[in-house]
Amino acid sequence: MVTICRRMNASGINQGTAGNMSVRNPKGFLVTPTSLPYDMMQPQDLVQMYFDGGYEGERRPSSEWRFHRDILASRQDIDCVLHCHSVYATTLAVHHKTIPSFHYMTGVAGGTTIRCAPYATFGTQALSDAAIDALQDRLACLLGQHGQISLGKTPAAALALAIEVETLSRLYVQALTLGEPPILDDEEMERVIRQMKNMSYGQAPDLDGVNDVAKRR
């Protein structure tokens with residue numbers, strides 16, 4: 001977790017002590033502590049939390065522990081929650097813009113859009129509830145006037161998705177300077193998402209009905 005948090009800042013998608021991460025474990029989940037720079041953070045600084053809101057140790061958990069707890073409790077398909085304030089995703093979030101399927105890679109977050117949750121004060125139950133709604137059937141969302149959340153089975157997967165969300169956000173912001181871009185229809189996005197799932201399962205990426213299929217010799 002500490003390594004991935006440092007990579008998060010090194011990648012440019014987060015700054016200073018902003019952002020936070022949690023990972024499920026048998027007792028509940030580990031979450032990054034509040035107000036501790038990542039380059040100073042050590043594994044022993046991570047805070048053990050329980051789903052009833054209790055925690056162990058002297059360090060206080062991130063101020064955003066509520067949405068970490070609630071997302072992990074409601075999503076058994078993932079084990080890591082990553083939150084950051086990446087510049088382009090936050091640029092869209094301050095305008096409460098959902099990212100549409102202007103590019104096929106929007107499907108990497110699990111659907112035809114990457115939704116933007118309404119604004120709520122940081123650290124509150126209202127923000128957690130808004131995030132849960134925006135993440136329904138999705139692996140990522142924007143938080144209105146705040147930042148982004150990305151989910152994964154591992155910290156590395158959550159970071160990779162957060163970087164992809166930031167890349168898509170940058171592309172969308174730039175595309176909007178030329179006007180509203182054309183949007184891929186839901187039928188095409190269903191094909192794209194099916195392809196992505198097949199590839200993630202280690203299956204051949206070729207779609208059904210394609211005659212020219214790569215074959216190992």
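As the structure is a prediction and not an experimental result, all values here were calculated from the model.
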Kindly indicate, with the supporting measurements, whether the criterion side chain to side chain contact (heavy atoms under 4.5 Å, CB included) is fulfilled by Leu171 and Phe102. CA-CA 9 Å; Leu171 287 171; Phe102 78 106; 3.9 Å; yes
List the steps and the verdict of side chain to side chain donor-acceptor pair (under 3.5 Å) for Arg138 and Thr113. CA-CA 9 Å; Arg138 298 288 192 274; Thr113 61; 3.1 Å; yes
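- At least one side-chain heavy atom of Leu142 sits less than 4.5 Å from a side-chain heavy atom of Val165.
- Nearest heavy-atom pair across Pro181 and Leu176 is CD-CD2, 3.9 Å.
- In this structure, Pro100 and Thr112 have side chains that are not in contact, with every pair of non-hydrogen atoms separated by 4.5 Å or more.
- When all heavy atoms of Ser35 and Pro37 are compared, the closest pair comes out as O-CD, 3.9 Å.
- Heavy-atom minimum distance, Leu139 versus Leu161: O-CD2, 3.2 Å.
- No more than 12 heavy atoms of other residues, nucleotides or ligands sit less than 6.0 Å from atom CD of Glu58.
- Side-chain contact between Thr91 and Lys97: absent, with no pair of heavy atoms (C-beta onward) separated by less than 4.5 Å.
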Step by step, work out the side chain to side chain contact (heavy atoms under 4.5 Å, CB included) result for Glu56 and Lys27. CA-CA 11 Å; Glu56 296 177 356; Lys27 296 167 67 175; 3.3 Å; yes
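- Using a distance-only test at 3.5 Å, with no hydrogens or angles considered, no donor-acceptor pair links the side chain of Arg7 to the main chain of Val2.
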Salt bridge (Lys or Arg N to Asp or Glu O under 4.0 Å) between Arg194 and Glu190, worked out: CA-CA 6 Å; Arg194 188 166 70 250; Glu190 287 174 6; 5.9 Å; no
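- Taking both residues in full, the closest heavy atoms of Ser150 and Ala158 are given as CB-O, 3.6 Å, listed atom of the first, atom of the second, then distance.
- One distance of note links CG of Asp137 with CZ of Arg115; it measures 6.5 Å at 0.5 Å rounding.
- In the hydrophobic clustering of ILVMFWY residues, with side-chain heavy atoms under 4.5 Å counting as a link, Leu143 and Tyr119 come out apart.
- Thr124 approaches Ala120 most closely through the heavy-atom pair OG1-CB, 4.2 Å.
- Using a 4.0 Å cut-off between charged nitrogen and carboxylate oxygen, Glu166 and Arg170 do not count as a salt-bridge pair.
- The distance from atom OG of Ser169 to atom CD1 of Ile114, rounded to the nearest 0.5 Å, is 6.5 Å.
- Atom SG of residue Cys80 and atom CG of residue Leu151 lie 8.5 Å apart, to the nearest 0.5 angstrom.
- Checked by atom type and distance alone, the side chain of Ser128 never pairs as donor or acceptor with a backbone atom of Asp70 at under 3.5 Å.
- Across all their heavy atoms, Val108 and Met196 have their closest contact at N-SD, 3.6 Å.
- In terms of modelled atom types and a separation under 3.5 Å, the side chain of Asp133 and the main chain of Ala130 share no donor-acceptor contact.
- The CD1 atom of Ile13 sits 10.0 Å away from the OG1 atom of Thr90 when rounded to the nearest 0.5 Å.
- Clustering ILVMFWY residues whenever any of their side-chain heavy atoms sit less than 4.5 angstrom apart, transitively, puts Leu168 in the very cluster that holds Met189.
- Panel note: side chain Thr154, backbone Ala157; a donor-acceptor pair is recorded below 3.5 Å.
- Between Phe51 and Phe29 the shortest side-chain heavy-atom distance falls below 4.5 Å.
- A heavy-atom distance below 4.5 Å is not found between the side chains of Leu82 and Pro155.
- Atoms CG and CG, on Leu46 and Asn25 in that order, are 10.0 Å from each other to the nearest 0.5 Å.
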Worked check of side chain to side chain contact (heavy atoms under 4.5 Å, CB included) between Thr34 and Val47: CA-CA 9 Å; Thr34 188; Val47 181; over 6 Å; no
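- In the hydrophobic cluster analysis, where Ile, Leu, Val, Met, Phe, Trp and Tyr join through side-chain heavy atoms closer than 4.5 angstrom, Phe67 is grouped together with Trp65.
- Side chain to side chain, Gln148 and His85 fail the donor-acceptor criterion of an N or O pair below 3.5 Å.
- Between Phe122 and Ser63 the shortest side-chain heavy-atom distance falls below 4.5 Å.
- For Arg6 (side chain) and Met41 (main-chain N/O), a donor-acceptor pair under 3.5 Å exists by modelled atom type.
- Counting only heavy atoms from C-beta outward, the side chains of Ile149 and Leu135 approach each other to under 4.5 Å.
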Any chance you could lay out the side chain to side chain contact (heavy atoms under 4.5 Å, CB included) test for Glu64 and Leu127, step after step, and finish with the verdict? CA-CA 9 Å; Glu64 304 288 17; Leu127 178 60; 3.6 Å; yes
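- Looking at Arg24 and Gln76, their side chains come closer than 4.5 Å, going by heavy atoms from C-beta outward.
- Thr32 places a side-chain N or O within 3.5 Å of a backbone atom of Met21 that can act as its donor or acceptor partner.
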Evaluate the side chain to side chain donor-acceptor pair (under 3.5 Å) criterion for residues His96 and Gln145: first the C-alpha distance (whole Å), next the side-chain angles of each, then the deciding distance (0.1 Å), finally the verdict. CA-CA 7 Å; His96 291 218; Gln145 293 164 289; 2.9 Å; yes
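- When the side chains of ILVMFWY residues are joined at heavy-atom separations under 4.5 Å, either directly or via intervening members, Ile71 and Val31 end up in a single hydrophobic cluster.
- In this structure, the ring of Tyr88 has its center no less than 6.0 angstrom from the ring center of Tyr172.
- Rounded to the nearest 0.5 Å, atoms CD1 (Ile163) and CE (Met8) are 10.0 Å apart.
- The cluster map of Ile, Leu, Val, Met, Phe, Trp and Tyr, joined by side-chain heavy atoms under 4.5 Å apart, puts Leu178 and Leu92 in different clusters.
- Using the six-membered ring where Trp is involved, His146 and His83 have ring planes that are perpendicular, over 60° apart on the 30 and 60° scheme.
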